[in-house]
Q: 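My structure is below; once you've seen it, I'll send some questions.
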Number of protein chains: 2
Amino acid sequence: MRLATEPLKTQKVYLLLRDKVVSGELRAGARLPSEFALAQQYAVSRVTVRLALDLLAKENLVEKRVGSGTYVKGAEFGQPVTADLSNAFAHLIEMGRSTAVRLIAFEYVEPPEKVAEALRVDADERVQKSVRVRSFDDVPFSYLTAYVPERIGREYSRDDLAHMALLELMERSGLRAETAWQEVGAVLANPEVAEALGIGVGSPLISLTRVVHGKNGRGMEYLQALYRPDRYSLQMNLVRKGGEGSRHWSPTSEVYRSERAPRPRAIKRKVKT
Amino acid sequence: MRLATEPLKTQKVYLLLRDKVVSGELRAGARLPSEFALAQQYAVSRVTVRLALDLLAKENLVEKRVGSGTYVKGAEFGQPVTADLSNAFAHLIEMGRSTAVRLIAFEYVEPPEKVAEALRVDADERVQKSVRVRSFDDVPFSYLTAYVPERIGREYSRDDLAHMALLELMERSGLRAETAWQEVGAVLANPEVAEALGIGVGSPLISLTRVVHGKNGRGMEYLQALYRPDRYSLQMNLVRKGGEGSRHWSPTSEVYRSERAPRPRAIKRKVKT
DNA sequence: CAAATCTATCTTATTTTTAGGACAGCTTTT
DNA sequence: AAAAGCTGTCCTAAAAATAAGATAGATTTG
């Protein structure tokens, strides 16, 4: 297994500057301080600053102009292609349709403790574990690990899974999802996931864990989803409902942002012989 | 400015292992693979693995036993203390009450472009920028950067902000939030944030960006929140609404997980003279 | 009790990163 | 046109991180 990243100080300067650019603290078109000035500011050598800037340039966040300076290259990532979907469930189905899926793993295994608990499967029951990578415009953006009780999993084939959304398959089998719980967090990409998503090990990922229950309260699906935050984000609109005194907010929609930079970003990885 | 962190590969192995421990993939009491095995697995030297493990041990996440192995030291963070709140808005207020806040910055500035756009402030209008760190049990878990149009910001004092939730202050001034948009993502901690949250640079964070609009459609607040995923998570329950054919899901509540490990974790930082 | 396994410690060598500077050439300003 | 300031490139040296292996002592297993 290979661990590849930017060196230490470089990485740090890179992150600091990236933050300033992305957050908008440095506006589009603005010139960054000179490499020398930055070097002094962060108490590192010019070499280091230079490496950091090169990373930003490769990401298309800044532009270096010889003899002039380094400029923030914003303004292009203004209009992300978004698909506004009116509810969560349709969203899931839609995702299954409009994006390409690669099925990486498909097997029946003993469930990890957490999964067994969440799905409330019988002690001896096995679960179907599948790993899928979803892409949009040939750029992978999500890494999905799903666990489904065997009795449910047998209702569809390996091939089905590669073509249809999981919940859609379940609907087809007459199973109806009733309730779901989900949790959002952030994790770092491990080598396996990093490879599949074309990012560096240690990149930040959105983690979404969802447990779907059916009518009888038994678990239907345990999903662990990892998303590249630059390619996918969870968005929601909240509207205050009810009258004057009410403090109730209600989400109205979830938005799926597919794109930010126009072209598939080159896979950044150091390859050693 | 001083940049201090763990070395590169060490840092990475540390983060990867930490993730496995915190996420529960490695259960409390379980023995990690031997140092040698880990070294092979991650293709690094034993020295590196060792450094990473030492960091985990210092954090009290694992325990090293001479001659035996390294063990996950969990069991304490079994039951996250959760406060189940029935809606988003009350949630925000509640957060303001039950947790301690440290006001790091409070000033009136020209808004970053993004903010100006989102809030639709006048070209020359300034905004109040505040940075707050919220703690629970003396452990910081969120880093909040809020922008409020000056005319609204003047309605309350610096001191108010250190004691009450922002939206609550607005309500007090007779302003009502009507709609909001929010986006969830993941980012890496930069040195500033890392310092404030007591974590290492490059740790993963949940990023939540929210824009709150009032009645007239003008912006009231632009919030950029960063959360430690091990101390805070966004949870929601979804319930299918409507009859047979309906595919509508509706969130019912948001849950705030305040705690995971019992005691304030020591701030891990290398201090260089 | 012996064998196997594991962590602790130390040593040496190699690789990678960073520092610090010099200089050429391009751009902008004066 | 000259001056000032900037990036691109190259070089040398120091510092830091990592690799790889040997050995000692603790612990567990058979």
Side-chain angles (χ1 to χ4, degrees), chain A residues 1-17 26 29-58 61-73 191 200-202 268-273, chain B residues 1-17 26 29-58 61-73 191 200-202 270-273:
Chain A
M1 192 182 290
R2 201 126 272 293
L3 301 182
T5 352
E6 313 321 322
L8 192 57
K9 295 203 184 179
T10 301
Q11 158 94 345
K12 219 162 253 182
V13 173
Y14 158 73
L15 286 172
L16 286 172
L17 292 176
L26 290 169
R31 211 199 77 200
L32 303 190
S34 75
E35 294 176 352
F36 181 74
L38 287 172
Q40 284 202 313
Q41 194 176 333
Y42 295 118
V44 299
S45 74
R46 213 188 118 201
V47 181
T48 307
V49 169
R50 194 142 237 291
L51 289 170
L53 288 177
D54 286 346
L55 288 173
L56 289 173
K58 199 156 46 173
L61 287 176
V62 308
E63 182 186 0
K64 310 191 75 177
R65 293 186 210 144
V66 178
S68 176
T70 304
Y71 298 82
V72 178
K73 219 189 167 190
V201 174
K268 187 196 65 183
R269 207 181 330 149
K270 253 187 220 159
V271 181
K272 273 184 139 178
T273 52
Chain B
M1 186 185 287
R2 200 124 272 301
L3 303 182
T5 352
E6 313 318 324
L8 192 55
K9 296 202 184 178
T10 301
Q11 159 95 344
K12 216 161 255 182
V13 173
Y14 157 73
L15 287 171
L16 288 172
L17 290 177
L26 290 169
R31 211 199 76 201
L32 303 190
S34 75
E35 294 177 351
F36 181 76
L38 287 172
Q40 284 202 312
Q41 195 176 332
Y42 294 116
V44 298
S45 75
R46 219 190 112 200
V47 181
T48 307
V49 168
R50 191 143 242 290
L51 289 170
L53 288 178
D54 286 346
L55 287 174
L56 289 174
K58 199 156 44 174
L61 287 175
V62 305
E63 182 185 0
K64 310 191 74 177
R65 293 187 209 145
V66 179
S68 174
T70 302
Y71 298 82
V72 178
K73 222 191 166 190
V201 174
K270 246 191 223 158
V271 181
K272 271 180 146 178
T273 52

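Numbers restart at 1 for each chain; the letters A, B, ... are given by sequence-line order, proteins then strands. Note that the coordinates shown come from a computational prediction; the quantities given were computed from them, not determined experimentally.
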Q: Quantified as the angle between the terminal helix axes (five pairs each), what is the overall bend of the helix from C:dC1-D:dG30 to C:dT30-D:dA1 to 10 degrees?
A: 40°
Q: May I have the distance from B:R31 (atom CZ) to C:dT5 (atom P), rounded to whole angstrom?
A: 11 Å
Q: Taking atom P of C:dT27 as reference, at what distance in whole Å does atom CD of A:E63 sit?
A: 12 Å
Q: Specify the separation, in whole Å, of atom CG of B:L56 and atom P of C:dT7.
A: 13 Å
Q: For A:L51 and D:dT7, what is the distance between atoms CG and P respectively, to the nearest whole Å?
A: 14 Å
Q: Grab the CG-C1' distance between A:L32 and D:dG5 for me, whole Å please.
A: 15 Å
Q: Give a yes/no on whether any side-chain N or O of B:T10 is located under 4.0 angstrom from OP1 or OP2 of D:dA17.
A: no
Q: From CG of A:D54 over to P of C:dT17, roughly how many Å is that when rounded to an integer?
A: 14 Å
Q: Tell me which nucleotide among C:dT18, D:dT18, D:dT9 gets nearest to the side chain of A:R50.
A: D:dT9
Q: Pairs under 3.5 angstrom, nitrogen or oxygen only, protein versus nucleotides 20-29 of chain D, please.
A:
none

Q: For D:dA17, does either OP1 or OP2 sit under 4.0 Å from a side-chain N or O belonging to B:K9?
A: no
Q: Which donor-acceptor pairs under 3.5 Å do side chains of residues 61-70 of chain B form with protein atoms, sequence neighbours excluded?
A:
from  : atom 1 : to    : atom 2 : distance (Å)
B:K64 : NZ     : B:E35 : OE2    : 3.1
B:K64 : NZ     : B:D54 : OD1    : 3.4
B:S68 : OG     : B:Y71 : OH     : 2.5

Q: Do the side chains of A:L53 and A:R50 get nearer than 4.5 Å, heavy atoms only?
A: no
Q: To check you understand the geometry: which heavy-atom pair defines the closest contact between A:A52 and A:V13, and what is its length?
A: CB-CG1, 3.7 Å
Q: Find the distance A:Q40:CD to C:dT18:P and express it as a whole number of Å.
A: 18 Å
Q: What's the separation between atom CZ in A:R46 and atom CG in A:L38, rounded to the nearest 0.5 Å?
A: 11.0 Å
Q: Rounded to whole Å, how long is the line connecting atom CZ of B:F36 with atom P of C:dA8?
A: 17 Å
